[in-house]
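Read through the structure below, which is laid out as structure tokens, and then see the notes.
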Amino acid sequence: MERGLLTEKPLLSQPLHLVMIVLNAIGVIIYDLSAAAGWRNPAEHGMIPVTGEPFVWFLGIIGVVTVFFVLNLIWGTLILVHRQWRSMRIWLLAASMWLVAVAIDFAHH
């Protein structure tokens, strides 16, 4: 059932989308804080050939990445199954937030 353009609610007024965006924002912050344990120390630039221990970095982020990957996969599947194509924009916003978080993380290695 298609609603008229003037009667549709704004996407972020729908509780599921708002909750998922807020959860993803919290997840992005937790991700970068957890990943910071593997970031290089600017004071040690050039002294240590390997920056951060990859295993420490991976163990620090695996829980956060797994939880949010599964949550976003379920959310995206619900959007596709119910054919809520406009809602996909909000899902893509969450994916963009994660891409920025990963870029910030990788910039510090």
Side-chain angles (χ1 to χ4, degrees):
M1 177 166 84
E2 194 71 29
R3 289 191 218 161
L5 186 60
L6 297 176
T7 60
E8 287 189 26
K9 290 181 178 179
L11 288 176
L12 283 178
S13 71
Q14 298 173 8
L16 174 65
H17 301 313
L18 185 60
V19 167
M20 289 303 294
I21 286 295
V22 170
L23 282 176
N24 274 285
I26 292 168
V28 162
I29 292 167
I30 293 171
Y31 169 84
D32 275 339
L33 291 175
S34 299
W39 292 353
R40 68 182 156 159
N41 185 348
E44 297 171 348
H45 182 69
M47 297 169 53
I48 301 173
V50 178
T51 58
E53 182 63 41
F55 296 109
V56 173
W57 170 80
F58 183 72
L59 290 174
I61 65 160
I62 189 65
V64 175
V65 171
T66 302
V67 166
F68 282 95
F69 178 78
V70 170
L71 277 176
N72 287 326
L73 186 63
I74 292 169
W75 182 28
T77 303
L78 287 173
I79 290 171
L80 292 175
V81 166
H82 295 289
R83 297 179 181 207
Q84 298 175 341
W85 308 124
R86 288 187 65 228
S87 300
M88 188 57 74
R89 288 185 269 174
I90 302 297
W91 189 88
L92 290 172
L93 174 65
S96 300
M97 291 172 17
W98 282 99
L99 288 175
V100 169
V102 170
I104 290 169
D105 179 25
F106 283 12
H108 287 88
H109 285 278

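Predicted, not measured: the structure shown is a model, and the values here were computed from it.
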Before you tell me yes or no, could you show the steps for V100 and V28 under side chain to side chain contact (heavy atoms under 4.5 Å, CB included), namely the whole-Å CA-CA distance, both residues' side-chain angles and the distance that decides it to 0.1 Å? CA-CA 9 Å; V100 169; V28 162; over 6 Å; no

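- Distance check: L18 CG to I90 CD1 gives 9.5 Å after rounding to the nearest 0.5 Å.
- The same ILVMFWY cluster, assembled from side-chain heavy atoms under 4.5 Å apart, contains both V22 and L16.
- V19 and L78 fall into different hydrophobic clusters, defined by Ile, Leu, Val, Met, Phe, Trp and Tyr side-chain heavy atoms under 4.5 Å apart, directly or through other members.
- Placement of F58 and V70 in two distinct hydrophobic clusters is found when ILVMFWY residues are connected by side-chain heavy-atom separations under 4.5 Å, directly or transitively.
- Judged by distance alone, the side chains of W91 and N72 never bring a donor and an acceptor atom under 3.5 Å apart.
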Worked check of side chain to side chain contact (heavy atoms under 4.5 Å, CB included) between W75 and L23: CA-CA 12 Å; W75 182 28; L23 282 176; over 6 Å; no

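- In this structure, the separation between CE on M97 and CD1 on I29 is 8.5 Å, given to the nearest 0.5 Å.
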Assess the residue pair I30 and F68 against the criterion (side chain to side chain contact (heavy atoms under 4.5 Å, CB included)); give the C-alpha distance rounded to whole Å, side-chain angles, the decisive distance to 0.1 Å, and a yes or no. CA-CA 11 Å; I30 293 171; F68 282 95; 5.6 Å; no

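- One finds the CG atom of L99 at 11.0 Å from the CD1 atom of I104 (value rounded to the nearest 0.5 Å).
- Side-chain contact between L80 and M88 is present, with at least one heavy-atom pair separated by less than 4.5 Å.
- With rounding to the nearest 0.5 angstrom, the CG atom of L33 is 13.0 Å from the CD1 atom of I61.
- Closest approach of G60 to S34, counting heavy atoms only: O-CB, 3.2 Å.
- Rounding to the nearest 0.5 angstrom, the gap separating the CG atom in N24 from the CG atom in L71 is 7.5 Å.
- For the atom pair CD1 of I74 and CD1 of I79, the computed distance is 12.5 Å after rounding to the nearest 0.5 Å.
- Neither L59 nor V64 shares a network with the other; the hydrophobic side chains, linked directly or stepwise wherever heavy atoms of I, L, V, M, F, W or Y lie under 4.5 Å apart, form separate groups for each.
- Cluster membership check: L73 does not share its hydrophobic cluster with L92, using side-chain heavy-atom separations under 4.5 Å among Ile, Leu, Val, Met, Phe, Trp and Tyr.
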